[in-house]
Amino acid sequence: MTDYTVHIVDDEEPVRKSLAFMLTMNGFAVKMHQSAETFLAFAPDVRSGVLVTDLRMPDMSGVELLRNLGDRKINIPSIVITGHGDVPMAVEAMKAGAVDFIEKPFEDTVIIEAIEKASVQLVAPQADVDEANDIRARLQTLSERERQVLSAVVAGLPNKSIAYDLDISPRTVEVHRAHVMAKMKAKNLPHLVRMALAAGFGPPDFH
């Protein structure tokens with residue numbers, strides 16, 4: 001059993017219970033919340049916890065929840081779960097303080113690893129400094145065009161839009177994206193976006 005509690009916020013009861021069951025079976029202490037509002041009311045009483053929240057929820061989204069927590073100076077390491085195509089919103093979640101975002105559907109091991117990584121912040125908030133420096137070093141290996149493509153990807157733009165903005169073919173965009181993924185050692189798109197944001201590289205760089 002961990003020495004912290006995983007707080008699951010999701011308006012869909014089957015999803016909430018399924019995730020809670022899986023985490024409990026893997027040794028986590030879990031508490032479920034049916035909405036962002038109910039968790040926000042409970043949050044001041046959280047002493048040692050990691051938040052796993054869905055992105056799209058009625059009344060208050062996962063991003064709005066994180067912003068509210070930030071406004072109230074309530075620091076809880078947070079993971080946002082997103083649907084396919086939610087990259088721009090997920091980027092907003094990262095800016096609002098999320099330490100990770102995970103696209104559905106995901107393997108059990110992915111969410112478990114994300115929670116364990118987030119929990120490190122409970123005892124060592126600066127643990128990611130070396131990682132950020134390493135990411136910045138990888139960014140330096142990108143060409144100017146690759147940096148433009150990366151910035152557009154972080155902004156959530158599809159290949160066709162990137163191709164139009166940069167006046168290149170969609171196929172060329174795909175080639176640049178592949179090179180960026182390789183140079184950044186990214187496992188997938190969410191991983192690439194997380195690294196870019198961790199190094200302070202975001203959409204404003206795109207021009």
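Throughout, residue positions are numbered sequentially from 1 according to the sequence presented. Computed over heavy atoms, backbone and side chain alike; hydrogens, waters and symmetry mates excluded.
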Sub-3.5 Å donor-acceptor pair from the side chain of [X] to the main-chain atoms of [Y], do we have one?
{"X": "R47", "Y": "P44", "value": "yes"}
{"X": "K183", "Y": "T141", "value": "yes"}
{"X": "S18", "Y": "P14", "value": "no"}

Joint hydrophobic cluster, [X] plus [Y], side-chain heavy atoms closer than 4.5 Å:
{"X": "F39", "Y": "I74", "result": "yes"}
{"X": "V50", "Y": "F106", "result": "yes"}
{"X": "F28", "Y": "M22", "result": "yes"}

Over all atoms of both residues, closest heavy-atom pair of [X] and [Y]:
{"X": "M57", "Y": "A36", "answer": "CE-CB, 4.0 Å"}
{"X": "G49", "Y": "H7", "answer": "CA-CD2, 4.3 Å"}
{"X": "S169", "Y": "A163", "answer": "C-CB, 3.8 Å"}
{"X": "A118", "Y": "P77", "answer": "O-CB, 3.4 Å"}
{"X": "V180", "Y": "L142", "answer": "CA-CD2, 4.3 Å"}
{"X": "S61", "Y": "L55", "answer": "CB-O, 3.4 Å"}

Atom pair [atom1]/[atom2] of [X] and [Y] - distance to nearest 0.5 Å:
{"X": "L197", "Y": "D100", "atom1": "CG", "atom2": "CG", "result": "11.0 Å"}
{"X": "Q121", "Y": "S78", "atom1": "CD", "atom2": "OG", "result": "9.0 Å"}
{"X": "T109", "Y": "E116", "atom1": "OG1", "atom2": "CD", "result": "10.5 Å"}
{"X": "I115", "Y": "Y4", "atom1": "CD1", "atom2": "OH", "result": "7.0 Å"}
{"X": "R147", "Y": "Q140", "atom1": "CZ", "atom2": "CD", "result": "6.0 Å"}

Qualifying residue for side-chain contact (heavy atoms from CB on, under 4.5 Å) with V6, from V52, I79, I111: V52
Test side-chain contact (heavy atoms from CB on, under 4.5 Å) applied to T53 and V80, L69, V63, I8, the passing residue: V80
Are [X] and [Y] packed together at the side-chain level, in the sense that at least one heavy-atom pair is separated by less than 4.5 angstrom?
{"X": "F101", "Y": "V193", "result": "yes"}
{"X": "L65", "Y": "L51", "result": "yes"}
{"X": "L19", "Y": "I81", "result": "yes"}
{"X": "D3", "Y": "L122", "result": "no"}
{"X": "M60", "Y": "N68", "result": "yes"}
{"X": "L139", "Y": "M184", "result": "yes"}
{"X": "L40", "Y": "E64", "result": "no"}
{"X": "E13", "Y": "Q34", "result": "no"}

Carboxylate-amine/guanidinium proximity below 4.0 Å for E174 and R171: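 Salt bridge: yes.
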NZ/NE/NH1/NH2 to OD/OE distance under 4.0 Å, R138 and D134: yes
Verdict with reasoning, D54 to V9, per side chain to side chain contact (heavy atoms under 4.5 Å, CB included): CA-CA 6 Å; D54 192 32; V9 179; over 6 Å; no
Criterion side chain to side chain contact (heavy atoms under 4.5 Å, CB included) on H176 and Q148, from CA distance to verdict: CA-CA 10 Å; H176 284 311; Q148 290 175 329; over 6 Å; no
How about [X]: does its [atom1] atom have over 12 heavy atoms from other parts shown lying under 6.0 Å from it?
{"X": "D45", "atom1": "CG", "value": "yes"}
{"X": "F42", "atom1": "CZ", "value": "yes"}
{"X": "N188", "atom1": "CG", "value": "yes"}

Candidate pair V99 and K117, rule side chain to side chain contact (heavy atoms under 4.5 Å, CB included), full reasoning: CA-CA 9 Å; V99 296; K117 182 178 179 182; over 6 Å; no
Any residue meeting side chain to side chain donor-acceptor pair (under 3.5 Å) with D10, in chain and number order, not counting sequence neighbours: none
Side chain to side chain contact (heavy atoms under 4.5 Å, CB included) between I135 and R194, intermediate numbers included: CA-CA 10 Å; I135 293 169; R194 286 198 300 272; over 6 Å; no
